[in-house]
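What follows is one structure encoded as structure tokens, with my remarks underneath.
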Amino acid sequence: MKIYFDTEGLIESNRLYFEEEEAPYSLFSSVSSVYPFVKYEEELAEINDYCCFILCQLENKLKELIKDSDVPFELVKSYQREKQTKKDLNDIFDPAYMFSPVTTWEKLSRDINKCTLLLLILSYLESSLNEIAKWFCEERLISLGQKEKGISAVAFYLKKIGECCQCDLIKTLENELKYLNMVRKIRNQFVHSEWEQMDGHYDKFRLCDVFNAASKFLTEIENAACNAGIIGR
């Protein structure tokens with residue numbers, strides 16, 4: 001029986017800057033070294049490394065369980081499952097496979113863990129944008145106001161930050177915002193205990209792309225703040 005596991009394209013933050021080939025994704029790097037942007041750079045790298053650590057430990061756990069299993073398993077390094085064959089379906093309903101700890105830990109690593117790490121990244125981004133929006137609004141003497149119904153927290157903060165920087169960050173980050181709205185819906189299903197609806201959703205995103213989008217947000221916001229004179233380079 002095939003067991004699927006993927007490291008989500010993540011690598012440790014210190015390796016991102018020393019890869020000989022082009023890095024698979026980027027982490028935010030402050031150009032101003034102004035607090036709190038320098039803090040975001042450090043914390044996002046730490047969160048990235050935490051995710052790497054968790055995934056590494058889970059992979060090792062699966063390898064140990066497969067090695068000690070009485071029935072054969074094949075560990076496949078892929079974030080997407082192959083199309084199931086008749087044999088695959090028979091294996092799924094075989095009690096020897098169904099109640100194996102290998103199967104249990106695969107589900108924990110692919111479903112629960114992946115969505116937990118997604119929750120961590122998105123919560124950190126929303127918290128950071130909230131901090132920036134309050135800071136910039138105080139600098140510009142603009143009221144933060146209340147989030148409108150039907151708009152995400154990320155879009156609301158981005159709009160207010162753009163207003164303070166006198167630019168349209170919603171348009172600049174249109175693709176990243178669309179992507180984050182998609183994964184946010186998956187996050188919300190997970191948070192609200194709609195786990196039965198999660199099947200297959202974890203194949204729709206990779207954590208490296210979530211980090212990439214979050215980093216692009218912070219990069220564009222810092223550049224806009226520099227151009228607007230809120231902070232200096």
Side-chain angles (χ1 to χ4, degrees), residues 6-60 113-140 144 152-162 164-165 167 169 172-173 175-177 179-181 183-184 187 191 205-233:
D6 186 67
T7 55
E8 297 296 317
L10 299 181
I11 60 177
E12 291 183 353
S13 58
N14 58 359
R15 287 181 53 204
L16 277 172
Y17 306 107
F18 297 103
E19 287 286 299
E20 293 183 2
E21 298 180 1
E22 185 178 354
Y25 64 106
S26 298
L27 288 177
F28 171 64
S29 180
S30 175
V31 295
S32 69
S33 296
V34 170
Y35 186 89
F37 285 102
V38 67
K39 177 189 71 169
Y40 302 144
E41 176 182 342
E42 295 172 357
E43 290 179 342
L44 198 62
E46 290 168 356
I47 293 172
N48 174 85
D49 292 347
Y50 171 80
C51 292
C52 286
F53 174 78
I54 295 297
L55 290 168
C56 180
Q57 294 301 308
L58 285 171
E59 183 177 13
N60 290 337
N113 176 67
K114 183 169 180 176
C115 288
T116 301
L117 297 182
L118 173 65
L119 173 61
L120 172 62
I121 303 167
L122 293 184
S123 296
Y124 179 76
L125 177 62
E126 290 175 7
S127 174
S128 300
L129 295 182
N130 173 271
E131 183 178 23
I132 295 170
K134 289 180 177 178
W135 168 27
F136 285 9
C137 283
E138 288 179 2
E139 286 286 325
R140 295 301 199 196
L144 180 62
S152 70
V154 168
F156 169 69
Y157 294 135
L158 196 62
K159 182 179 178 181
K160 295 303 297 188
I161 293 168
C164 294
C165 295
C167 64
L169 287 172
T172 301
L173 292 162
N175 292 333
E176 288 75 18
L177 184 60
Y179 179 77
L180 287 179
N181 282 337
V183 296
R184 182 179 59 84
R187 184 272 310 268
V191 169
F205 72 95
R206 300 189 82 192
L207 293 176
C208 64
D209 295 327
V210 182
F211 272 110
N212 208 54
S215 297
K216 185 71 180 297
F217 264 67
L218 294 172
T219 297
E220 291 297 332
I221 289 170
E222 185 182 35
N223 287 335
C226 289
N227 293 336
I230 296 177
I231 59 175
R233 293 185 185 273

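Throughout, numbering of the chain's residues begins at 1 and tracks the sequence.
Of all the heavy atoms in Phe37 and Trp135, the pair that sits closest is CE1-CZ3, 3.6 Å. Closest of all the heavy-atom pairs between Ser215 and Leu44 is OG-CD2, 3.3 Å. Contact detail for Leu118 and Val183: the closest heavy-atom pair is CD2-O, 3.6 Å. Looking at every heavy atom in both residues, Cys164 comes nearest to Ile230 through O-CD1, 3.9 Å. Of all non-hydrogen atoms in Tyr25 and Ile11, the two that sit nearest each other are OH-O, 3.0 Å. Nearest heavy atom pair, residue Ile231 against residue Ser32, reads CD1-OG, 3.9 Å.
With hydrogens and angles disregarded, a donor-acceptor distance shorter than 3.5 Å links the side chain of Lys114 to the backbone of Phe205. Asn212 places no side-chain N or O within 3.5 Å of a backbone atom of Cys208 that could act as its donor or acceptor partner.
Rounded to the nearest 0.5 angstrom, Leu125 CG and Phe28 CZ are separated by 11.5 Å. Atom CD1 in Ile161 sits 9.0 Å away from atom CG in Asn130 (nearest 0.5 Å).
By the neighbour-count criterion of 12 heavy atoms within 6.0 Å, atom NZ of Lys39 is densely surrounded, having more than that number from other residues, nucleotides or ligands.
Using bins of under 30°, 30° to 60° and over 60° for the plane-to-plane angle, the ring pair Tyr124/Tyr40 lands in the perpendicular bin.
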In residues 52-60, what donor-acceptor pairs under 3.5 Å come from side-chain atoms, sequence neighbours left out?
from, atom 1, to, atom 2, distance (Å)
Glu59, OE2, Lys77, NZ, 2.9
Asn60, ND2, Cys56, O, 3.4

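By the 4.5 Å heavy-atom criterion applied to side chains, Asp6 and Arg206 are counted as neighbours.
Every residue meeting the side chain to side chain donor-acceptor pair (under 3.5 Å) condition with Asp49, not counting sequence neighbours, appears here in chain and number order: Ser13.
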Q: Take Glu126 and Arg184 through the salt bridge (Lys or Arg N to Asp or Glu O under 4.0 Å) test and state the conclusion after the steps.
A: CA-CA 11 Å; Glu126 290 175 7; Arg184 182 179 59 84; 5.8 Å; no
